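One structure below.
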Amino acid sequence: MSSAVFRGGGRRRGRVRLAALGASLLGMFGAYFVATTGNAAAAEAVVSQGKPTTASSVEWEGTPASAATDGNTGTRWSSAFSANQWIQVDLGSTMAVTRVNLNWENAYATAFTVQFSTNGTTFTNATNTLRGNVGAQNIPVTGSARYVRLNLTERALSIYGYSLWEFQVYADGTTTPPTTPPTTPPPGSAVLLSYNKPAVASSEQNDVNCNPCTANKAFDLDPATRWATSSTTGWVDPGWIYVDLGATAQISRVELQWDPAYATAYKIQVSPNASTWTDIYSTTTGKGFKEVLNVSGSGRYVRMYGTARSGPYGYSLYDFNVYGTGGAPTTPPAKPADPTFPATRLVFQDEFNDPAGTKPSTAKWTYDPGVPQNGEVQYYTENSNNAQMNGQGQLVIEARKESVNGRDYTSARMNTGNKFSFQYGRVEARIKVPKGNGLWPAFWMMGADFLTGRPWPYNGEVDIMEVLGRNTSESYSTLHAPQYNGAGGYGQKYATVDLSQDFHVWAAEWDSKGIKFLLDGNQVFYASKATVEATRGPWIFDHPFYIILNLAVGGDFPGPIDASTPFPSRMLVDYVRVYQ
């Protein structure tokens, strides 16, 4: 794994190890359409949705084989971490299969075949050996089969197994479109009942390490706050937390987003009076992260009752969301609508077309001066010689060898904080990066609540581009949050051309489902909200962010400068644009 450095609003940084996990929720092909063969039109439809699906293995109970054929692009199947695996679906009867559509996570197959069988025992190859790719893959096939299998033999990520969001089989002769994929919550029925409702716990932590981690924090829909049992009295079994829904409700689903201090054994219980409790769910194999529990029970109070802890600490939940009907629900704040990509409504731009020597517009940008972190050697100034227009339509952020405030080098860092922030859309910048040992250009975003007092990393950070001057043929895109930051940041290093030789466009397309990172129009990484919640921790990117540009010198991540490092060194920015 590679290292990258983490910035906190230009005020705090930490080391980051990038994980080669991710997910692509690229748009799936239509579930039902008419295919034309010769002059005759034949009805073609998905015949695999909701059908019995089995696999050679599953990574854990949260990623079963059935998740690949449920029609829900937010659920997935993942295998054990070995090369030879398979997944197959039973169509129920022999059909004329016409194609297979796959939607891979980053853990895709680099070698696999599609196989057919009429009896579930003897399989024949319907394709030659194929190579997968992140996201959607359309595979035409011809033949009759009741069972369709993917025989997987080589992995893109050798330290993991295979992971599929969707495995769709199409066949001719079926004229009834498949059922509507499941939604969350089911339309017209279950709603969120627990938002901002009174909560009680066996104990609460409220100290310098978690201030406050009270019971109500599990029900505030803020993924960066949490409830935890007391660090002095609460690292014991049992540990519990319950919510008062305000009136009797029929409970159909419970979602738990755990801190690493999770329950390996726990019960979900309901009660009419917070005194007498009835179990509606029980497990001794809790896995932590996000657990979605389909349950059925009636009560005014709903409790998580933990009886075994994952480690020596107590119990802690970022979110404890209860869905159902009845109760006395409080309506959560409305969320902005997801943009439709390609987004075309320009809501922010700076083309940097002012005359040479002009400083960046103070209506759009704020200088962020001061001493940096992570062992960097520069001082960020407000001087025009560190950030100014070049008269050719570009902003120049320049690192110089000069002494200021006890530092021997200067550079610039600027942001749109308190002037422009946004939630969802496409943000892009066209940049030419400098080459040289110890240089570290970046284009990134910080959660706007950092400016109102929320500390890093609880505000969230999105590093759209980081390049190290010692190797300008690689770039990094990374997310940072409470449970994945510093050495555990979630992102991707990707090889490319020498980025210092010309301008390149880095972009992020962001909505409520995740963030797609692109370089020159090509996807380099996709961070799926569902995958992050199920494998890393809370997704804290559903709120406004602001934009930052800077050029750092030296430090833990890029390494030291040396005699070969050119000064002055320039990061050129042709434009910054945001579309919604």
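Computed from a predicted structure; not experimentally measured.
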Evaluate side chain to side chain contact (heavy atoms under 4.5 Å, CB included) for Phe517 paired with Gln523, printing each intermediate quantity in order. CA-CA 6 Å; Phe517 296 89; Gln523 179 177 314; over 6 Å; no
Could you walk me through whether Leu519 and Thr496 satisfy the side chain to side chain contact (heavy atoms under 4.5 Å, CB included) test, starting with their C-alpha distance in whole Å, then the side-chain angles of each, then the deciding distance to 0.1 Å, before giving a yes or no? CA-CA 9 Å; Leu519 172 59; Thr496 181; 3.7 Å; yes
Do we get [X] above [Y]'s six-membered ring, with its NZ or CZ under 6.0 Å from the centre and within 45° of the axis?
X: Arg577; Y: Tyr575; result: yes
X: Arg536; Y: Tyr490; result: no
X: Lys401; Y: Phe567; result: no

Please examine the side chains of [Y] and [X], heavy atoms only from C-beta on, and report whether any two atoms are closer than 4.5 Å.
X: Trp77; Y: Val58; answer: yes
X: Asp259; Y: Leu317; answer: no
X: Val553; Y: Ile561; answer: yes
X: Tyr476; Y: Val467; answer: no
X: Ser79; Y: Tyr160; answer: no
X: Arg253; Y: Leu293; answer: no
X: Cys213; Y: Trp227; answer: no
X: Leu549; Y: Met571; answer: yes

Is there a donor-acceptor contact under 3.5 Å linking the side chains of [X] and [Y]?
X: Ser163; Y: Ser78; result: no
X: Glu255; Y: Gln257; result: no
X: Asp70; Y: Thr75; result: yes
X: Asn374; Y: Asp556; result: no
X: Ser316; Y: Arg226; result: yes
X: Tyr315; Y: Ser310; result: no
X: Gln483; Y: Tyr318; result: yes
X: Thr472; Y: Asp498; result: yes
X: Asn550; Y: Tyr380; result: yes

Can you check side-chain hydrogen bond (donor to acceptor under 3.5 Å, both in side chains) on Asp220 and Thr225, steps first, answer last? CA-CA 8 Å; Asp220 62 2; Thr225 64; 2.7 Å; yes
Rounded at 0.5 Å granularity, tell me how far [atom1] in [X] sits from [atom2] in [Y].
X: Ser512; Y: Gln423; atom1: OG; atom2: CD; value: 9.0 Å
X: Phe112; Y: Leu152; atom1: CZ; atom2: CG; value: 7.5 Å
X: Ser569; Y: Trp440; atom1: OG; atom2: CH2; value: 16.0 Å
X: Arg76; Y: Glu166; atom1: CZ; atom2: CD; value: 13.0 Å
X: Thr410; Y: Asn386; atom1: OG1; atom2: CG; value: 3.5 Å
X: Asn138; Y: Asn103; atom1: CG; atom2: CG; value: 12.0 Å

Contacts of type side-chain hydrogen bond (donor to acceptor under 3.5 Å, both in side chains), residue [X], not counting sequence neighbours:
X: Asp207; value: Gln205, Ser231
X: Asp222; value: Arg454
X: Thr53; value: Thr69

Determine, stepwise, if the pair Thr478 / Glu466 fulfils side chain to side chain contact (heavy atoms under 4.5 Å, CB included). CA-CA 9 Å; Thr478 317; Glu466 293 180 290; 4.3 Å; yes
Grab the two heavy atoms, one from [X] and one from [Y], that are nearest each other, plus how far apart they are.
X: Trp506; Y: Ser475; answer: NE1-OG, 3.2 Å
X: Leu395; Y: Pro360; answer: CD1-CG, 3.8 Å
X: Pro339; Y: Phe341; answer: CG-CZ, 3.5 Å
X: Leu102; Y: Val100; answer: CD2-CG1, 3.7 Å
X: Trp258; Y: Ala261; answer: CE3-O, 4.0 Å
X: Phe81; Y: Gly161; answer: CD2-N, 3.4 Å

Steps toward salt bridge (Lys or Arg N to Asp or Glu O under 4.0 Å) verdict (Lys335, Asp542): CA-CA 9 Å; Lys335 297 179 180 179; Asp542 291 328; 5.6 Å; no
So Trp365 and Phe348, would you call those rings parallel, tilted or perpendicular, with 30° and 60° as cut-offs?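 Perpendicular: the ring planes of Trp365 and Phe348 meet at over 60°.
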When the ring planes of Tyr162 and Trp104 are compared, do they come out parallel, tilted or perpendicular, using 30° and 60° as the limits?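 Ring orientation of Tyr162 relative to Trp104: tilted.
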Salt bridge flag under 4.0 Å for residues [X] and [Y]:
X: Glu154; Y: Arg131; answer: no
X: Asp319; Y: Lys290; answer: no
X: Glu428; Y: Arg426; answer: yes

Say whether, by atom type as modelled, one donor and one acceptor occur between the side chain of Arg470 and the main chain of Leu439 under 3.5 angstrom.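 Checking the backbone N and O of Leu439 against the side chain of Arg470, no donor-acceptor pair under 3.5 Å is found.
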Using modelled atom types only, decide if a donor and an acceptor are shared between the side chain of Asn485 and the backbone of Gly489 within a distance under 3.5 Å.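 No.
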Indicate, with yes or no, if the rings of Phe422 and Trp510 have centres closer together than 6.0 Å.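 Centroid distance Phe422-Trp510: below 6.0 Å, so yes.
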Carefully, step by step, assess Ser56 and Gln85 under the rule side-chain hydrogen bond (donor to acceptor under 3.5 Å, both in side chains). CA-CA 6 Å; Ser56 53; Gln85 303 288 337; 2.5 Å; yes
Should we count CG of Asn418 as having more than 12 external heavy atoms under 6.0 Å?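 Counting other residues, nucleotides and ligands, CG of Asn418 stays at 12 neighbours or fewer.
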Of Thr381, Asp368, Thr366, which is the lone residue that meets side-chain hydrogen bond (donor to acceptor under 3.5 Å, both in side chains) with Arg413?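 Exactly one option meets the side-chain hydrogen bond (donor to acceptor under 3.5 Å, both in side chains) with Arg413, and it is Asp368.
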Which of these passes ring pair (Phe, Tyr, Trp, His ring centres under 6.0 Å) with His543: Tyr546, Phe541, Phe545?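 The passing option is Phe545.
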When you look at Asp449 and Asn459, which way does the side-chain hydrogen bond (donor to acceptor under 3.5 Å, both in side chains) test go after all the steps? CA-CA 6 Å; Asp449 49 0; Asn459 61 305; 4.8 Å; no
